[in-house]
Number of protein chains: 2
Amino acid sequence: MPFAGEDDFLRLIDAHFPNAAPGLILGRGDDAAVIQHPGPIAVSSDLFLEDVHFRRSYFTAAAIGRKALAVNLSDLAAMGAQPLGFTLNIGAPPDLASDFWPEFFAAMAQTAARHKAVLAGGDLSRCERLAVSVTVWGGLGPAGRFLRRGQGRPGDFLFVVGELGLARAGLLGLEATGRAALTQFPAACRAHLDPTALIKAGLLLAGIAAVRGLMDVSDGLLMDLPRFLGPGLGASLDLHGFPLHAETVRYAASAGVDPIRFALEGGEDYALLGCVAPEGTGELKKRLPGARLIGVIGAAPGVWLGQSPVATGGFDHFRPAGSPKGAK
Amino acid sequence: MPFAGEDDFLRLIDAHFPNAAPGLILGRGDDAAVIQHPGPIAVSSDLFLEDVHFRRSYFTAAAIGRKALAVNLSDLAAMGAQPLGFTLNIGAPPDLASDFWPEFFAAMAQTAARHKAVLAGGDLSRCERLAVSVTVWGGLGPAGRFLRRGQGRPGDFLFVVGELGLARAGLLGLEATGRAALTQFPAACRAHLDPTALIKAGLLLAGIAAVRGLMDVSDGLLMDLPRFLGPGLGASLDLHGFPLHAETVRYAASAGVDPIRFALEGGEDYALLGCVAPEGTGELKKRLPGARLIGVIGAAPGVWLGQSPVATGGFDHFRPAGSPKGAK
């Protein structure tokens with residue numbers, strides 16, 4: 001389908017995204033959409049930019065559409081929120097293949113429908129490189145609370161839901177060998193290309209009273225852990241029991257680095273990092289078997305891995321350019 | 001202030017934007033902000049992109065910061081909404097002067113404060129060209145209603161609040177001669193560089209019962225009018241009494257085009273276009289003397305200017321590239 005102009009674009013969006021939902025009083029097509037929600041609303045916004053967050057050489061149109069929304073939904077997962085809606089701003093280069101946008105929207109619409117997020121509006125502009133900016137909002141789940149950062153106390157156990165390092169192995173493989181990495185590291189590539197927002201896990205965690213806090217790991221655990229702990233606290237990590245994916249281990253081995261260290265530095269995991277009061281670990285493991293304990297919160301700043309202090313920090317968006325986010 | 005990294009950026013944002021407001025339950029710094037508002041919420045989102053919507057050669061950092069927010073607030077003005085908050089996503093090129101961001105944020109923060117819009121979150125990434133994506137939301141004003149498009153009836157009067165064509169004259173002047181246009185067409189350049197969101201006018205119009213609908217004119221009146229009318233209706237325009245700015249007239253004359261036609265095609269006016277039932281024109285003029293009647297809604301499609309049909313249409317975001325939006 002060749003695009004004669006903006007109208008084609010809007011028709012395509014209307015074909016893929018419903019324009020009605022509970023709580024959507026006025027849908028797309030006016031100066032603003034109108035929503036109404038009785039309780040508090042969690043709002044988050046993220047960019048997804050070509051050659052910063054993704055490359056068109058190894059991302060399909062569908063993967064770009066899915067991931068642009070998923071990285072935003074992941075922030076709602078980390079609040080324990082139930083997605084409600086989103087806005088979508090697109091900067092579109094003129095040179096895309098004619099099937100690009102149908103594939104992009106179909107995939108994004110599928111992700112949106114799965115999580116019950118309605119597209120309420122947005123903007124469209126030309127842009128040299130493909131740029132997607134999404135703002136998502138969500139409401140309370142059945143548990144009636146959101147999960148924040150900085151709520152942990154000394155002695156709380158830290159846990160992770162999801163993979164650590166796998167997406168980084170995929171990114172580095174794709175950057176090194178392009179789509180050939182898809183056969184060499186299929187799960188790792190999938191983790192980078194097509195992350196899942198852990199909405200259900202977030203909602204479930206909000207329902208476990210002993211779970212005190214939650215965030216999503218997007219810049220690597222070592223970068224995100226201090227943000228999660230907040231000032232004055234530290235952590236003692238033990239990842240010997242953490243089930244790293246075989247491809248993470250294999251990639252780290254091929255690169256000659258320690259797999260645990262590699263996993264801790266991995267960006268774009270979109271895993272969930274949480275803390276739970278000691279008395280709640282049993283309930284946590286029972287209700288969410290995929291949650292893995294990775295350490296304990298300490299009363300003083302600093303992060304220890306076994307007996308060794310580790311430098312926290314990781315991806316900085318103002319590092320010298322050249323490779324996508326997380327490719328270090 | 002040289003930027004060592006993301007942390008400097010966040011400190012600068014915290015220095016300029018308060019992180020607390022009525023209805024903001026959880027401010028910036030977590031995975032999501034949490035807002036709560038009892039009534040319906042109008043949501044809108046717009047891109048503001050370098051070399052598409054603005055040029056750094058003649059926009060100051062302050063003007064970019066102000067306009068990126070103002071074009072979004074204009075959508076709330078067109079709903080008759082009272083701004084509440086916004087998210088801000090920035091794609092930042094590395095080569096900006098050290099005073100760029102302090103000026104950008106100071107100016108944006110001033111606009112935000114004037115309209116009581118709190119910055120609730122956002123994202124930051126590097127990007128070759130400066131890209132700003134804003135999502136705004138607002139609540140009902142004292143009148144207790146939002147103003148939509150497509151609400152007009154045959155016989156309703158059409159009115160405009162704000163200038164038509166002036167911003168286009170500024171854009172064309174700036175594109176032709178750069179900052180030299182600032183002395184030749186100062187008001188026109190100001191209209192393009194520093195548009196004002198007509199929030200107060202929108203709130204006031206929502207309070208006039210006879211005003212049936214409202215939208216903001218961003219792509220030129222001839223392009224936006226059919227969107228405002230909706231299917232099945234047309235309009236008969238008479239702009240002989242419309243007070244075009246002297247610089248609009250002078251610019252059109254210098255370009256050898258009819259000033260009224262030039263004004264109707266002008267993009268980025270950020271004027272308000274509304275319709276009012278015939279019995280309400282008196283109240284409209286009394287309460288908002290700046291509102292100018294420009295025509296009447298007709299019962300059949302098509303737009304007439306005096307005795308002549310005019311082709312509607314205007315800026316399309318997928319026209320061949322090369323000049324900022326609205327430069328035709």
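Quantities reported herein were computed from a predicted structural model and do not represent experimental measurements. We name chains A, B, ... by the order of the sequence lines, and we start the count at 1 in each one.
- With respect to Asp123(A), the side chain to side chain contact (heavy atoms under 4.5 Å, CB included) criterion is satisfied by exactly one of Val134(B), Asn72(B), Asp46(B): Asp46(B).
- Contacts with chain B were tallied for Thr135(A), Asp75(A), Leu47(A); Leu47(A) has the most, counting heavy-atom pairs under 4.5 Å.
- For chain B, the option among Gly121(A), Ala33(A), Ala78(A) with the highest count of heavy-atom pairs below 4.5 Å is Ala33(A).
- Taking the side chain to side chain donor-acceptor pair (under 3.5 Å) definition, one finds that Arg129(A) meets it with Asp51(A), Glu128(B), sequence neighbours left out.
- Between chain A and the residues Gly150(B), Gly91(B), Ser44(B), Ser74(B), the most heavy-atom pairs under 4.5 angstrom are made by Ser44(B).
- When atom types are taken as modelled, the side chain of Asp30(B) and the backbone of Arg149(A) share a donor-acceptor pair closer than 3.5 angstrom.
- Between Met79(A) and Leu26(B), some side-chain heavy-atom pair lies under the 4.5 Å cut-off.
- No part of Val71(A) comes within reach of chain B, as not one of its non-hydrogen atoms sits under 4.5 angstrom from that chain.
- Looking at Ile35(A), both its backbone and its side chain come within 4.5 Å of chain B, counting heavy atoms on both sides.
- Contacts between residues 80-90 of chain B and chain A, defined by a heavy-atom separation under 4.5 Å, are made by Thr87(B), Asn89(B), Ile90(B).
- Across every non-hydrogen atom of Pro38(A) and Gln36(B), the tightest pair is O-NE2, 3.4 Å.
- Qualifying ring-ring contact (aromatic ring centres under 6.0 Å, His included) partners for Phe17(B), counting only residues two or more places apart in sequence or in other chains: none.
- Taking all atoms of both residues into account, the shortest heavy-atom contact from Met215(B) to Asp31(A) is CA-OD2, 3.1 Å.
- Scored by the salt bridge (charged side-chain N to carboxylate O under 4.0 Å, His left out) test, Arg212(B) finds Asp156(B) as partners (sequence neighbours excluded).
- Of the listed residues Leu147(B), Val34(B), Leu76(B), the one with more heavy-atom pairs under 4.5 angstrom with chain A than any other is Val34(B).
- Ile41(B) is listed as a side-chain neighbour of Ile41(A), based on a closest heavy-atom distance under 4.5 Å.
- Looking at Leu49(A), only its side chain comes within 4.5 Å of chain B, counting heavy atoms on both sides.
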Problem - Derivation of the side chain to side chain contact (heavy atoms under 4.5 Å, CB included) call for Trp137(A) and Val43(B) - result: CA-CA 11 Å; Trp137(A) 54 93; Val43(B) 186; 4.1 Å; yes
